[in-house]
Protein chains: 2
Amino acid sequence: MAAPEHPRMSDVAERAGVSLSTVSRALRGASGVAPKVRAEIENAAAELGYVVSRGASSLVTGRTGRVAVLVPFLQPWFFGVALAGMNTTLRDAGRDMLVYQVGDVGELDDYIHSLPLRRNVDAVIALALDLDEREIARLDEIGLPVVFCSQRVKGRRSIFIDNTAAAAEATRHLLNLGHTRIAYIQSKDQTGFSWDSRDRLKGYQQAMADAGAEPLVLTERSGREGGARAMGKLMSVERPPTAVFAESDDVASGVLQVVRRSRLAVPGAVSVIGFDDNDLAALFDLTTVSQPVQEMGEHAARLAVDLVDGGAAQSDHHVRLETAFVVRHSTGPPRENMGLHG
Amino acid sequence: MAAPEHPRMSDVAERAGVSLSTVSRALRGASGVAPKVRAEIENAAAELGYVVSRGASSLVTGRTGRVAVLVPFLQPWFFGVALAGMNTTLRDAGRDMLVYQVGDVGELDDYIHSLPLRRNVDAVIALALDLDEREIARLDEIGLPVVFCSQRVKGRRSIFIDNTAAAAEATRHLLNLGHTRIAYIQSKDQTGFSWDSRDRLKGYQQAMADAGAEPLVLTERSGREGGARAMGKLMSVERPPTAVFAESDDVASGVLQVVRRSRLAVPGAVSVIGFDDNDLAALFDLTTVSQPVQEMGEHAARLAVDLVDGGAAQSDHHVRLETAFVVRHSTGPPRENMGLHG
DNA sequence: CCCTTCTTTGAAAACGTTGCCAACCTTCGA
DNA sequence: TCGAAGGTTGGCAACGTTTTCAAAGAAGGG
């Protein structure tokens with residue numbers, strides 16, 4: 001095959017019978033081009049199948065038209081949904097989306113240090129990266145505007161939900177149903193607790209304290225497996241809880257797995273609550289806290305775009321999105337005098 | 001904040017006390033630079049935090065260092081895993097990954113027609129796009145090398161699995177267990193059947209024919225809901241099947257949901273098989289066909305990179321990856337004289 | 001009818017790299 | 001001692017845009 005010779009702007013200019021500058025102005029939508037001329041140029045461009053070389057234009061404008069998204073994982077539900085939201089918004093804004101998976105913090109460090117982003121994107125979105133102060137400072141070295149999605153960072157543009165309030169609400173739901181022995185399952189990664197995790201725990205603890213109930217917190221690995229292990233432990237304590245609040249739907253699915261294997265009824269013997277409202281939640285008929293993940297992605301992308309376009313002054317640096325408590329059938333009043341031993 | 005002045009190559013040159021060309025050669029890893037000088041230049045670059053502007057270099061080399069991935073969705077398990085695979089390989093090859101979600105074929109057409117890719121990426125990976133001949137031809141207009149991942153396309157570089165053989169193997173498993181009334185649930189999108197779908201059906205039909213068994217095929221929407229609907233129908237036919245083969249794990253999860261609601265035992269009353277081995281499969285203890293999704297992504301990315309680097313001659317244009325049949329506990333011999341009426 | 005003011009256009013200088021070519025400096029063989 | 005060959009280096013012209021500046025033309029007021 002011959003080299004795929006792309007038409008250049010000068011080709012369009014020649015075909016339209018105008019100068020290069022005029023074509024540039026017309027195609028960019030800049031003002032100061034006679035309507036008729038503009039139409040002719042657009043025709044010529046379309047006929048030639050001309051597309052501007054972003055490399056060349058970014059060379060002079062300093063803008064690349066690209067936004068990088070840094071994610072710790074790609075597979076889990078949360079990330080797919082958030083990326084989908086970002087992708088929509090970015091596409092509408094005429095931006096391309098670059099995705100970089102930075103598994104652990106070390107990898108992130110390497111990444112930032114080698115700075116391949118610098119100069120090659122206009123902005124960076126950190127998606128659920130759960131960085132601490134030091135790491136955030138490191139991100140700044142990149143010299144680009146950064147938007148945090150699903151992490152609240154003081155003084156930085158960020159999109160987040162009120163994990164504490166949402167977790168408290170979920171806990172109160174159980175309390176109101178009459179539960180008093182409510183366990184909370186917290187997740188811990190190799191790297192430690194995420195901010196989401198800490199905040200949710202706080203909400204649970206507050207609600208329990210307000211109701212004068214004794215908190216019971218287990219810590220396990222994240223994911224389904226962690227949920228299963230935690231539930232296993234809970235079933236062998238002296239007075240098992242009548243309700244379990246899992247930090248995420250994934251964890252809750254592990255809890256449910258164990259509960260079912262033990263032929264215990266939900267919510268008869270145990271009530272279960274999750275967090276996320278992911279695709280498993282509906283399947284398991286799980287009461288949970290729904291967070292607007294796609295919207296979070298959209299907002300983050302919009303913020304990133306505005307940041308690049310608008311220069312400095314932006315009003316809404318922080319966006320707190322609403323969660324919704326979704327009651328399904330995994331929660332109900334505790335059966336009178338029993339626990340798990342129904 | 002002041003404008004984020006990035007250092008230029010000439011700054012590095014000045015600092016290292018050499019010329020621009022030498023810096024370019026050194027940083028690019030080209031030969032013909034004295035080891036000592038090379039080290040000095042690398043030092044200078046590191047100290048300045050210099051990063052080459054890909055825009056500028058692509059202007060002269062014609063290479064952008066970017067690969068675009070076209071996906072119909074971002075959320076489902078399959079895409080996250082495949083993208084993760086691609087991302088790893090691309091990163092190792094020093095390439096950036098652009099992701100474009102092209103919901104339906106119309107959107108894809110718009111996309112190709114507006115050609116934002118052209119000139120802005122080196123290659124395109126079409127991930128599970130299920131294109132027909134006409135649409136593939138359309139993709140060619142983009143004037144870039146295209147790799148098909150999870151779709152076999154004759155004459156094009158593609159990565160795929162043998163859906164037909166895998167489905168036949170799964171069907172034989174059920175036949176060998178003694179089942180004869182085996183239903184197959186096929187999925188249909190708005191756009192029609194995917195290639196995967198057709199091939200799997202073919203495998204089922206062949207295996208059934210070889211065994212002299214009567215095929216029973218239902219067609220529903222894809223996803224969990226479709227599976228649930230299909231199973232609902234199956235439970236009310238005259239002689240219900242003793243086994244169900246769902247086109248995907250997602251569909252199988254819908255089947256299981258209905259089966260459980262009806263308090264039927266699995267595999268006692270009905271055996272169920274899925275396809276994919278996604279994260280639900282283990283949760284449901286589902287017998288299924290495991291496809292190496294991550295590997296498919298890795299291979300596709302490698303192929304794309306080689307295509308750009310190596311120019312034309314590539315030996316393995318087609319890569320067929322192995323599937324693995326995973327037996328869990330959703331399948332077993334049919335109970336003697338019953339069907340669903342256990 | 002001339003002069004000013006806008007609008008529209010074209011020419012040319014960046015932007016930050018790479019690649020070609022010529023110049024230089026060694027080293028070595030004759 | 002000189003020439004040739006090989007290994008390093010620097011100069012300069014691209015690459016395809018945008019942007020500034022000045023020129024040309026149209027419109028309008030006196």
Side-chain angles (χ1 to χ4, degrees), chain A residues 3-42 44-45 48-66 94 115-116 118-122 143, chain B residues 3-42 44-45 48-66 94 115-116 118-122 143:
Chain A
E5 288 293 331
H6 301 293
R8 292 167 302 170
M9 196 176 258
S10 59
D11 296 329
V12 179
E14 188 180 2
R15 179 161 192 137
V18 294
S19 81
L20 207 55
S21 344
T22 307
V23 175
S24 174
R25 275 188 290 258
L27 257 31
R28 201 153 18 92
S31 66
V33 178
K36 188 183 159 198
V37 176
R38 183 184 298 264
E40 285 171 1
I41 291 176
E42 278 164 356
L48 261 52
Y50 169 79
V51 182
V52 44
S53 157
R54 279 196 173 146
S57 70
S58 81
L59 197 53
V60 37
T61 60
R63 300 274 184 74
T64 63
R66 270 168 253 135
L115 298 178
R118 194 166 182 172
R119 200 161 225 166
N120 292 315
V121 299
D122 295 335
Chain B
E5 288 294 331
H6 300 293
R8 292 165 303 171
M9 196 178 260
S10 58
D11 296 328
V12 179
E14 189 179 2
R15 179 160 191 137
V18 293
S19 80
L20 207 55
S21 340
T22 307
V23 175
S24 174
R25 275 187 292 258
L27 258 31
R28 202 153 16 93
S31 66
V33 178
K36 188 184 159 198
V37 175
R38 182 183 299 262
E40 286 171 0
I41 292 175
E42 277 165 357
L48 262 51
Y50 170 79
V51 182
V52 47
S53 158
R54 279 195 173 148
S57 71
S58 80
L59 198 53
V60 35
T61 60
R63 300 275 183 74
T64 63
R66 270 168 253 135
L115 298 177
R118 193 165 183 173
R119 199 163 224 163
N120 291 316
V121 299
D122 296 336

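As the structure is a prediction and not an experimental result, all values here were calculated from the model. Every chain is numbered from 1 and lettered A, B, ... according to where its sequence line falls, protein lines coming before strand lines.
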State which residues pass side chain to side chain donor-acceptor pair (under 3.5 Å) with [X]; sequence neighbours excluded, sorted by chain then number.
X	result
A:Arg25	none
A:Ser53	none
B:Ser19	B:Thr22
A:Ser58	none

For this session: Name all residues meeting the salt bridge (charged side-chain N to carboxylate O under 4.0 Å, His left out) criterion together with A:Arg15; count only those two or more places apart in sequence or in a different chain, and write none if there are none.
Result: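 Checked A:Arg15 against salt bridge (charged side-chain N to carboxylate O under 4.0 Å, His left out); matches are A:Glu47.
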For this session: Taking salt bridge (charged side-chain N to carboxylate O under 4.0 Å, His left out) as the test, write out the residues that go with A:Arg54, two or more places apart.
Result: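 A:Arg54 satisfies salt bridge (charged side-chain N to carboxylate O under 4.0 Å, His left out) with A:Asp96 once adjacent residues are dropped.
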For this session: Could you tell me whether the side chain of A:Leu27 reaches within less than 4.5 Å of the side chain of A:Ile41, counting heavy atoms only?
Result: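 Counting from C-beta outward, A:Ile41 and A:Leu27 do come under 4.5 Å.
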Problem set entry | Protein-to-nucleotide contact annotation, 5' to 3' order, nucleotides 14-25 of chain D [B base; S sugar-phosphate only; - none; under 4.0 Å, heavy atom] | -BBBBB------
Problem set entry | Whether over 12 other heavy atoms sit under 6.0 Å from A:Glu42 CD |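 Enclosed.
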Exercise. Using the C1' atoms of five pairs at each end, what's the angle between the two axes of the helix from C:dC1-D:dG30 to C:dA30-D:dT1, to 10 degrees?
Worked result: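 Both end axes considered, the difference amounts to 50°.
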For this session: Anything under 4.0 Å to a heavy atom of chain B counts; send over the first and last such nucleotide of DNA chain C, read 5' to 3'.
Result: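 Nucleotide range in contact with chain B: C:dG16 to C:dC20.
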Problem set entry | Pairing residues for A:Leu20 by the side-chain contact (heavy atoms from CB on, under 4.5 Å) criterion, not counting sequence neighbours |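 With neighbours one apart ignored, the set is A:Met9, A:Ser10, A:Ala13.
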Could you pull out all donor-acceptor pairs under 3.5 Å where a side-chain atom in residues 31-40 of chain A meets a protein atom, sequence neighbours excluded?
| from | atom 1 | to | atom 2 | distance (Å) |
| --- | --- | --- | --- | --- |
| A:Arg38 | NH1 | A:Ala26 | O | 3.4 |
| A:Arg38 | NH2 | A:Ala30 | O | 2.7 |

